[in-house]
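Just so you know, residue 1 is the first one in the sequence shown, and it goes up from there. This one's a predicted model, so the numbers in the text were calculated from it and none came from an experiment.
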Amino acid sequence: MSKAIYIATSDQNSGKSIITLGLMSILIGKTAKVGYFRPIIEDFVDGEQDNHIETVLSHFNLDIQFEDAYAITKSKLIKKKNKGKIGEVLDLIIEKYKKLEERFDFVLVEGTSFTGEGTSIELDLNVLIAKNLGIPTIIIGSGVGKTLEELLDSLYLVYDSFKVKEVEVLSVFANKVQPENIELVTKSLKKTLPDNVLINTIPLISSLNNPTMQEIVNELDAKVLFGENYLNNEIGHFSVGAMQLHNYLVHLHDNALVITPGDRSDIILGALQANESANYPAVSGIILTGNILPEESILKLIEGLSAIVPIIAVDGGTYHITNKIGAIRSEIYANNTHKIETSITTFEKYVDNDALSERLITFVPEGMTPKMFQYNMVKRAKQHRKHVVLPEGNDDRIIIAASRLLDMDVVDISIIGDKRQIENKVTELGISFDFSKVNIINPIESEFYEEYAHTYYELRKAKNVSITMARDLMEDVSYFGTMMVYKGHADGMVSGAAHTTQHTILPALQFIKTKPNSSVVSSVFFMCLEDRVSVFGDCAINPNPTAEQLAEIAISSADSSSAFGIEPKIAMLSYSSGSSGKGDEVEKVRTATEIVKQKRPDLKIEGPIQYDAAVDRAVGKSKMPDSEVAGQASVLIFPDLNTGNNTYKAVQRETGALAIGPMLQGLNKPVNDLSRGCTVDDIINTVVITAIQAQGL
């Protein structure tokens, strides 16, 4: 029973990063604790870290120190091999791997990259490492520059090298294949390799191969003059500006990099103006060669422009610099979330994740860990794509969250706000944002404004609402967004980053209203603790629920728990456990527990019960030895808002738990509230939950 997988490549520049990121995304959703290990890495500068390791540890927030994530650098390996001490290297690799294996349920091991000195021994070395670690392998090969026969031969050679040493190959990936050849390559590999080897083919994604301005700055040791916030701009095409401006403009292509001597102010200013013009492609950056800077008057002019692309200065001549840029191999690095999300989305699109997961995961994890929970949420949201409206388009966090959600490709999004202001914010924030995939709405300019106003008037005229009042309210983003959900123009709404809970929920209570079997709107938080996910309710809405309301909150929370893959074991919390406590508050909890038992005898419930007896197995067994809930509760229902709100915040702050929510329960359609102190991750998680609710929770 394997606890790891080894990623091996057939040649250099195979695109191993996209496979690593995609596999990590699968693993953290299926396995409680996932580790990452690179036996051999390229040499790195003191004080810095290996880029591959830094990217994976950072993006997936893995609890691994950099020094523990690798065994040896390539230069030290070569020295050991030349001295006949390869056995010592294997001992070190095995020792460091075993330490990770003890800590984690599954370890993703990434082999070497076939770059630099020592490439001739890398295939044999990768086979030797996988053999000694006793783990199966995934093989990756690039289709760039190869005929079909050459690609098949190279992949089979690597496959055979592992099989000869009795290392099982679970899957073979043909990467960077021309899109029109995907089906041909897949069929050919299936004929070439045994039936038990999973075949996956991934097309060449040009944006993943394009270097960024940051990589160019690093490679050329350049000085950044302007546009430091936009160094993640990707370069799709580069050209030298050595001709007259009117001739050079016709050579611009999308995401252009302009290379020109620093004294060619006409080319510099022309490129900046072209970037602003709707008639010319976007410019990603400008390189000033020859160690020449523009005159002060030109620099002052550039500094005053509203939108500036990165402008960098280098020492070398134009010809030399152009050749160096052409030789740059782009990598995915930790702060380039756009490329990371693109990699994961591409992997999910072209790889049979279910079949691969079945081969990778050879055990059944217990419980629901936070990473499993979050992975499963995103996966479920993608299965039946929904449309979520974000009414607070003037908030930076909303814009950043929307950008990341677009990269994740998980929901359709509408944003309420002024399009020009949002475009300016995107520029200021320096983020990627595909406006073609987002519906930006200014309520007063919307084609539905009058329709929404009349709908609201008809719904509320019995409450003395006039058509004038209705029109005024439809200018309010919360009312407009809620009406979009009511009318079916959006499936759900997430608000509250800049508005109070009441401002968010009141429109929903007025005309979306509660479900037929619900008399109260309540909320739950999904508390992602270190090793489990607990459901806390109600921590946001009802100040002092009655016994009947408390029972309904418990039932709704249990249903929410089940819907998100968590087996509900309900603890009705109080300051005493069992029958010992007296007082009105305890009796309310006791009555609520009995109501739940009568209405839903299928649910596992205990109450009244204290928090420690509910979640600690030893305490639970001591206080309530015959209970099937005590010590293992997954749904914790608090007797009032004061207790619930303070407890969830205390648990969050003191344990570092991630609190996802609040998710509102009981409404006919999903409207969810954010805290005004919410983070970008909070917004993303709430949008995903809202999308899942809209699927029919």
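The distance between the ring centers of Phe238 and His251 does not fall below 6.0 angstrom.
Residue Glu228 places its CD atom among 12 or fewer non-hydrogen atoms of other residues, nucleotides or ligands, all under 6.0 Å distant. More than 12 heavy atoms of other residues, nucleotides or ligands sit less than 6.0 Å from atom CD of Glu451. Within a 6.0 Å sphere centred on OH of Tyr486, heavy atoms belonging to other residues, nucleotides or ligands number 12 at most.
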**Request:** Step by step, work out the side-chain hydrogen bond (donor to acceptor under 3.5 Å, both in side chains) result for Ser414 and His387.
**Result:** CA-CA 7 Å; Ser414 287; His387 180 183; 2.6 Å; yes
**Asked** Checking salt bridge (charged side-chain N to carboxylate O under 4.0 Å, His left out) for the pair Glu392/Arg397: CA distance, chi angles, key distance, verdict?
**Response** CA-CA 9 Å; Glu392 297 165 316; Arg397 294 165 297 174; over 6 Å; no
**Test log, rule salt bridge (charged side-chain N to carboxylate O under 4.0 Å, His left out), inputs Lys146 and Asp11** = CA-CA 12 Å; Lys146 295 189 183 81; Asp11 46 20; 2.4 Å; yes
**Asked** Run the salt bridge (charged side-chain N to carboxylate O under 4.0 Å, His left out) check on Lys16 and Glu110 step by step: do they pass?
**Response** CA-CA 9 Å; Lys16 180 155 51 70; Glu110 183 177 323; 2.7 Å; yes
**Prompt:** Where do Lys300 and Glu296 land on the salt bridge (charged side-chain N to carboxylate O under 4.0 Å, His left out) test, with the steps shown first?
**Reply:** CA-CA 6 Å; Lys300 185 176 181 180; Glu296 282 296 324; over 6 Å; no
**Request:** Show the numbers, then the answer: is there a side-chain hydrogen bond (donor to acceptor under 3.5 Å, both in side chains) between His52 and Tyr36?
**Result:** CA-CA 10 Å; His52 290 276; Tyr36 174 72; 5.2 Å; no
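Looking at every heavy atom in both residues, Asp43 comes nearest to Ser75 through OD1-OG, 2.7 Å. Residues Met243 and Ile267 share a closest heavy-atom pair of O-CD1, 3.6 Å. Taking all atoms of both residues into account, the shortest heavy-atom contact from Ser10 to Ser154 is CB-O, 4.1 Å. Scanning all heavy atoms of the two residues, the minimum distance from Ala274 to Leu252 falls at CB-CD1, 3.8 Å. Nearest heavy-atom pair, Ile7 versus Leu23, reported as atom, atom and distance to 0.1 Å: CD1-CD1, 3.6 Å. The minimum heavy-atom distance linking Ile18 with Ser343 is given by the pair CG1-O, 3.5 Å.
Gln214 and Asn218 are linked by a side-chain donor-acceptor pair at a separation below 3.5 angstrom, with hydrogens and angles left out of the test. A donor atom on one side chain and an acceptor atom on the other are not found under 3.5 Å apart for Tyr479 and His503. Side-chain atoms of Thr504 and Ser478 form no donor-acceptor pair, as typed in the model, at a separation below 3.5 Å. No side-chain donor-acceptor contact under 3.5 Å links Glu234 and Thr212. Side-chain contact of Asn672 with Thr690: a donor-acceptor pair under 3.5 Å is present, judged by distance alone. A donor-acceptor pair shorter than 3.5 Å can be found between the side chains of Asp682 and Thr679. There is no side-chain donor-acceptor pair under 3.5 Å between Ser142 and Asn175. Judged by distance alone, the side chains of Tyr248 and Ser239 do bring a donor and an acceptor atom under 3.5 Å apart.
For the pair Asn275 (side chain) and Val283 (backbone), a donor-acceptor distance under 3.5 Å is present. Between the Asn200 side chain and the Asp352 main chain, a donor and an acceptor come within less than 3.5 Å of each other. Panel note: side chain Asn685, backbone Asp681; a donor-acceptor pair is recorded below 3.5 Å. Distance alone, capped at 3.5 Å, is enough to place a donor-acceptor pair between the Thr427 side chain and the Glu423 backbone. The backbone N or O of Glu341 sits nowhere less than 3.5 Å from a side-chain atom of Arg404 that would complete a donor-acceptor pair. Of the possible donor and acceptor atoms, none in the side chain of Ser25 sits under 3.5 Å from a partner among the backbone N and O of Leu21. Within the 3.5 Å criterion, the main-chain N or O of Ile182 finds no donor-acceptor partner in the side chain of Tyr350.
Ion pairing between a basic and an acidic side chain is recognised when a charged N comes within 4.0 Å of a carboxylate O; Lys379 and Glu348 show no such pairing.
Taking the six-membered ring where tryptophan is involved, the planes of Tyr70 and Phe66 are tilted, since the angle between them lies from 30° to 60°.
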